[in-house]
There are 2 protein chains.
Amino acid sequence: MSPICFEFFFQITLSELKKSLFLLDKHIENMFSKACEYAIRATIFIAKESMKGKRSNLTEISKAITSPIAFTAKILQTLVKHKIIFSIKGARGGFEMLPQTINTLSLKHLVVVIDDDYSTTACIIGLNKCSSENPCPLHEQYESIRTDLSKMLEETKIIQLIEKESFKIGNHLF
Amino acid sequence: MSPICFEFFFQITLSELKKSLFLLDKHIENMFSKACEYAIRATIFIAKESMKGKRSNLTEISKAITSPIAFTAKILQTLVKHKIIFSIKGARGGFEMLPQTINTLSLKHLVVVIDDDYSTTACIIGLNKCSSENPCPLHEQYESIRTDLSKMLEETKIIQLIEKESFKIGNHLF
DNA sequence: AATAAATGGGACAAACTTGTCCGATAAAAA
DNA sequence: TTTTTATCGGACAAGTTTGTCCCATTTATT
């Protein structure tokens with residue numbers, strides 16, 4: 001990001017300015033990485049359009065899901081590589097998803113593809129010797145939450161996510 | 001990290017080497033940042049020692065909880081600033097925790113202090129217009145998990161974590 | 001055939017998190 | 001009083017994630 005300059009007096013980056021004005025989101029609970037968030041949002045969008053027989057292009061997708069376009073392009077490339085979606089190059093090209101994939105793809109699979117791995121058994125405080133035989137002090141409290149989360153990610157398929165009423169961002173539906 | 005050199009033939013960083021040898025942990029579900037993990041582990045350790053009337057110093061702490069010593073020092077400084085622990089400088093110095101704090105401090109409080117903020121209401125796929133009135137496609141599936149997690153973090157006090165049997169790392173107890 | 005509209009892919013840059021280093025400061029012990 | 005053992009705090013370095021840019025490639029349209 002280019003520095004904002006005020007005539008030799010001082011020079012700060014945009015993010016430093018935002019931070020000092022309390023305009024930056026601080027750290028919040030991140031269940032997923034940004035890349036995963038965008039991947040899930042994009043997949044839902046593409047799946048919906050595909051069900052309507054429409055092909056989606058990068059510009060449409062990134063506008064609909066409010067994500068940075070070039071970064072989204074990278075993520076879509078990964079999804080193509082893993083055959084979660086497929087792409088058509090050239091004019092009138094774009095991305096589509098097969099009904100078969102929409103019906104069977106789990107959230108967990110999607111996340112694993114983007115983040116390389118996704119353990120739902122890791123210790124909440126990062127102890128690698130932690131297990132049910134040698135539980136960390138937080139093990140018991142976290143166990144059922146972890147199980148629920150893992151189950152949810154494995155059992156939720158894309159089809160379930162697109163059957164709902166459309167989510168509204170401003171005027172348009174997503 | 002200093003590059004590993006093999007006599008002019010090639011030069012890579014340690015992490016690149018590890019990555020190519022599949023020795024690096026890939027992305028796993030991170031409920032907390034590393035800083036938070038260390039903070040929680042350190043707090044549990046200091047609390048336990050304090051209950052035994054013992055003062056803990058930085059070296060002991062970082063060995064016990066297997067964390068990088070200088071980074072841990074920074075984290076402890078933050079905890080001191082927020083009066084979660086207190087420090088004594090100089091020889092025989094170290095860190096201690098008041099019984100009052102041990103009995104009342106919640107995990108949530110600890111996490112908020114380290115990470116500045118910790119929302120347990122954020123949308124799982126990062127949509128800021130997401131709410132129960134305008135739920136995102138994943139809202140329903142995630143709601144109960146989020147609630148359980150939030151409740152757990154708020155209700156769990158340090159005292160509960162140190163009442164359990166000690167967690168074993170290798171030979172010694174933590 | 002030329003042009004326009006797309007995706008593909010590599011290099012690079014910015015921002016954030018994680019981690020190190022070193023000197024200042026404080027207090028106990030010698 | 002000097003030395004030793006600690007924390008404190010600032011600067012900086014490394015690593016990861018997030019994001020941008022640019023050009024090559026592919027395909028439809030004119």
Side-chain angles (χ1 to χ4, degrees), chain A residues 1-4 12-19 23-28 30 32-39 42 46 55-62 66-82 85-96 114-117 126, chain B residues 1-4 12-19 24-28 30 32-39 42 46 55-62 66-81 85-96 114-117 126:
Chain A
M1 194 154 306
S2 60
I4 301 172
I12 59 174
T13 66
L14 185 54
S15 86
E16 283 167 347
L17 177 62
K18 281 185 177 174
K19 202 176 275 175
L23 292 176
L24 268 194
D25 288 338
K26 294 194 169 184
H27 178 97
I28 53 164
N30 293 320
F32 301 131
S33 63
K34 276 287 160 200
C36 263
E37 287 183 6
Y38 299 151
I46 296 166
R55 182 176 299 166
S56 321
N57 72 40
L58 177 61
T59 310
E60 280 169 16
I61 295 166
S62 86
T66 57
S67 65
I69 187 162
F71 191 40
T72 307
K74 293 279 181 247
I75 293 163
L76 294 180
Q77 277 179 42
T78 306
L79 296 183
V80 169
K81 236 181 259 162
H82 286 84
I85 56 179
F86 65 95
S87 67
I88 289 100
K89 290 179 81 171
R92 303 266 174 148
F95 300 90
E96 284 180 56
I114 296 298
D115 281 349
D116 281 355
D117 198 0
Chain B
M1 193 156 305
S2 59
I4 302 172
I12 58 176
T13 66
L14 186 54
S15 87
E16 283 167 347
L17 177 62
K18 280 184 177 173
K19 201 177 276 175
L24 268 195
D25 287 339
K26 294 194 169 183
H27 177 97
I28 54 164
N30 293 321
F32 301 131
S33 64
K34 276 287 160 201
C36 263
E37 287 182 6
Y38 299 151
I46 295 166
R55 183 176 299 165
S56 321
N57 71 40
L58 176 59
T59 309
E60 279 168 18
I61 295 167
S62 85
T66 57
S67 64
I69 186 162
F71 191 39
T72 307
K74 293 279 180 244
I75 293 164
L76 295 179
Q77 277 179 42
T78 306
L79 296 183
V80 169
K81 236 181 260 162
I85 56 180
F86 65 95
S87 67
I88 289 98
K89 290 177 83 172
R92 303 264 173 150
F95 301 91
E96 283 181 57
I114 297 299
D115 280 349
D116 280 353
D117 197 0

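The sequence lines fix the lettering, A, B, ..., with proteins before strands; numbering per chain opens at 1.
- Taking atom CD on E60(B) and atom P on dT5(D), their separation rounds to 14 Å, with Å as the unit.
- The interatomic distance linking I69(A) (CD1) with dG19(D) (P) rounds to 14 Å, in whole Å.
- For K34(A), the side-chain contact (heavy atoms from CB on, under 4.5 Å) partners at least two apart in sequence or on another chain are E37(A), Y38(A).
- T78(A) places a side-chain N or O within 3.5 Å of a backbone atom of K74(A) that can act as its donor or acceptor partner.
- Atom CD1 of I114(A) is separated from atom P of dT18(D) by 11 Å (rounded to the nearest Å).
- Counting non-hydrogen atoms under 4.0 angstrom, Y38(B) reaches the backbone sugars and phosphates but no base.
- For N30(B) (side chain) and F32(B) (main-chain N/O), no donor-acceptor pair under 3.5 Å exists by modelled atom type.
- Following rounding to the nearest Å, R55(A) (CZ) and dT27(D) (C1') show an atom-to-atom distance of 11 Å.
- The CD1 atom of I88(A) lies 11.5 Å from the CG atom of N57(A); values are rounded to the nearest 0.5 Å.
- Every residue was checked against the side-chain contact (heavy atoms from CB on, under 4.5 Å) condition with R92(B), not counting sequence neighbours, and none meets it.
- We find that CZ of F71(B) is positioned 15 Å from P of dG15(D), with the value rounded to whole Å.
- Put simply, CZ on F32(A) is 17 Å from C1' on dT17(D), counting in whole angstrom units.
- Here the C1' atom of nucleotide dC16(C) and the CG atom of D115(B) are 12 Å apart, to the nearest Å.
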When every nucleotide of nucleotides 2-12 of chain C is labelled 5' to 3' by its protein contacts under 4.0 Å (heavy atoms), B for base, S for sugar-phosphate only, - for none, what sequence of letters results? ---BBBBBBB-
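- With contacts defined as side-chain heavy-atom distances shorter than 4.5 Å, the pair I69(B)/I61(B) does not qualify.
- For P68(B), taking side-chain heavy atoms from C-beta onward, the closest of the listed nucleotides dT20(C), dT18(D), dT18(C) is dT20(C).
- The distance from atom CD1 of I75(B) to atom P of dT18(C) is 8 Å, rounded to the nearest whole Å.
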